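Reviewing the structure listed below.
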Protein chains: 2
Amino acid sequence: MTKVKLDDIDLQILAHLQTDGRMTNVDLARQVGISAPPCLRRVRALEESGYIRGYHAEVDAESLGFEVTVFAMVGLASQAESDLVAFEERVRAMPLVRECWMLNGEIDFILKIVARDLAEFQSFLTRELTPAPNVASVKTSFTIRNGKHEPGVPFGLPPRAPRAR
Amino acid sequence: MTKVKLDDIDLQILAHLQTDGRMTNVDLARQVGISAPPCLRRVRALEESGYIRGYHAEVDAESLGFEVTVFAMVGLASQAESDLVAFEERVRAMPLVRECWMLNGEIDFILKIVARDLAEFQSFLTRELTPAPNVASVKTSFTIRNGKHEPGVPFGLPPRAPRAR
DNA sequence: GGTGAAAAGAGGGTTCT
DNA sequence: AGAACCCTCTTTTCACC
């Protein structure tokens, strides 16, 4: 199931799809220098072996009315593995929490939270996050603006022309 | 050019494409309950008005050999707007920096950094980030694991989003 | 990996409400 | 205006070499 090795073409495919996840298979094949059918076979294999976890439209949060993005640093009272997992599970059920990373050091988790407005965020913070079991401390930092937002991983793909359909 | 208002169907389209950015237009049309051509027109309008900023494959960083994800809290010596912008510009040219958010409070920026290994990260930190102009302090937190990774915005629960059918 | 062909989807034009 | 039906061209996705 898991592919043992990726060659240059696979890496190029991944880089291109990370940049433009909706490009057609024929365009992709042309870009990486092979014909469409083997290209599609590679993409399917990359999907099934888990190298590609999914495809997502990147939406503009602000213009859609989600004007509050906050990073929350969370400390837990107990760091037993079962308690860490329990917190992650709980956080997974909170739609406003978009990302959750476990950290080393004094802070246990960093959460990226997206809300429509301050009221929604405050309500979430005081009624859901802070009172959650085992939560010892929550320190929040509001984002003022986003200076860079690149997906995934630094493949180092050269700048690409817009789509040709 | 810029759409003034989004109706329920537009919101459903955005939610579906955020979840599966590669679904075909006919599938999407079926899901939101309209026929394919107007559905495609809506998608194009959403792209051109900036509600959809792009489409990206979500790749598995670890299995691709990017084993180090770090959050860096950066403080600048000068917070003049021109200096903030200059820092953002500089960071935009650093491939290892995937996201950069300006924050309120004592920390000025939070950066998400992805590297292949510790050596690559250390080299980046000591040779690129810390010596960058105007950087006063850098505090890094290594991630141990990722507990949740959802794209974009919490459409999921409808605060008032009705169901068209 | 490439080739050729059947099936499916994209995108344009027109009509209807 | 905006949505739906029809039509043609492109893309996807098989078969097999």
Side-chain angles (χ1 to χ4, degrees), chain A residues 1-60 63-65 155 157-158 160-165, chain B residues 1-59 64 155 158 160-165:
Chain A
M1 173 172 151
T2 301
K3 213 166 179 178
V4 237
K5 194 173 135 357
L6 299 178
D7 63 14
D8 288 345
I9 295 179
D10 290 316
L11 292 175
Q12 283 184 63
I13 288 173
L14 289 167
H16 276 100
L17 286 179
Q18 181 174 268
T19 303
D20 179 4
R22 220 172 153 77
M23 78 193 299
T24 68
N25 183 59
V26 291
D27 273 357
L28 180 59
R30 200 170 10 237
Q31 292 281 338
V32 304
I34 61 178
S35 67
C39 184
L40 184 63
R41 278 196 291 267
R42 280 166 181 268
V43 172
R44 294 281 174 269
L46 290 169
E47 289 168 358
E48 277 168 34
S49 53
Y51 290 109
I52 295 175
R53 302 168 63 96
Y55 302 89
H56 308 286
E58 180 191 353
V59 304
D60 188 77
S63 65
L64 288 168
F155 284 118
L157 179 72
R160 228 178 49 72
R163 80 180 45 173
R165 289 226 169 184
Chain B
M1 185 179 84
T2 300
K3 214 163 178 176
V4 238
K5 199 175 133 13
L6 299 178
D7 63 14
D8 292 342
I9 295 179
D10 291 317
L11 292 174
Q12 284 184 61
I13 287 174
L14 289 166
H16 276 102
L17 286 179
Q18 181 175 265
T19 302
D20 179 4
R22 224 175 149 75
M23 79 193 299
T24 69
N25 182 60
V26 292
D27 273 358
L28 180 59
R30 202 171 9 240
Q31 293 280 338
V32 304
I34 62 177
S35 68
C39 183
L40 185 63
R41 273 196 291 274
R42 282 167 179 267
V43 173
R44 293 282 175 270
L46 291 168
E47 290 169 357
E48 277 168 32
S49 53
Y51 290 109
I52 295 176
R53 302 169 63 97
Y55 302 90
H56 309 285
E58 180 191 353
V59 304
L64 287 169
F155 285 117
R160 236 158 255 89
R163 190 149 241 85
R165 232 222 85 103

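Here the structure is a predicted model, which means the values were calculated and not measured. Chain naming here is simple, since letters A, B, ... match the order of the sequence lines and numbering starts at 1 in each.
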| note | Per-helix bend value, the helix from C:dG1-D:dC17 to C:dT17-D:dA1, C1' rotation axes over five pairs per end, 10° rounding, shows 30°
| said: Do B:Leu46 and A:Val59 make a side-chain contact, defined as non-hydrogen atoms from C-beta onward lying under 4.5 Å apart? | reply: no
| Residues forming a salt bridge (charged side-chain N to carboxylate O under 4.0 Å, His left out) with A:Asp7, sequence neighbours excluded | A:Arg42
| Heavy atoms, side chains only, cut-off 4.5 Å: are B:Ile13 and B:His16 in contact? | no
| remark: B:Ile9 atom CD1 is separated from D:dA4 atom P, nearest whole Å, by 8 Å
| query | For A:Arg41, which residues count as a side chain to side chain donor-acceptor pair (under 3.5 Å) partner, sequence neighbours excluded? | reply | none
| Starting at CD1 of B:Ile34 and ending at C1' of C:dG9, how long is that distance when rounded to a whole Å? | 16 Å
| task | Go through the steps for B:Thr19 and B:Phe155 under the test side-chain contact (heavy atoms from CB on, under 4.5 Å), then give the verdict. | result | CA-CA 10 Å; B:Thr19 302; B:Phe155 285 117; over 6 Å; no
| Among all residues two or more places apart in sequence or in another chain, which pass the side-chain contact (heavy atoms from CB on, under 4.5 Å) test with B:Glu58? | A:Arg53, A:His56, B:His149
| message | Suppose we screen for side-chain contact (heavy atoms from CB on, under 4.5 Å). Which residues come up paired with B:Ala29, at least two apart in sequence or across chains? | response | B:Ala36, B:Cys39
Report all interatomic pairs (protein N or O, nucleotide N or O of nucleotides 12-16 of chain D) with separations under 3.5 Å.
from: D:dT12; atom 1: OP1; to: A:Asn25; atom 2: N; distance (Å): 2.6
from: D:dT12; atom 1: OP2; to: A:Asn25; atom 2: N; distance (Å): 3.0
from: D:dT12; atom 1: OP2; to: A:Val26; atom 2: N; distance (Å): 2.8
from: D:dT13; atom 1: OP2; to: A:Arg44; atom 2: NH2; distance (Å): 2.7

| With A:Ser63, which residues qualify under side chain to side chain donor-acceptor pair (under 3.5 Å), at least two apart? | A:Asp60
| query | Atom CZ of B:Arg42 to atom C1' of D:dA4: distance rounded to whole Å? | reply | 13 Å
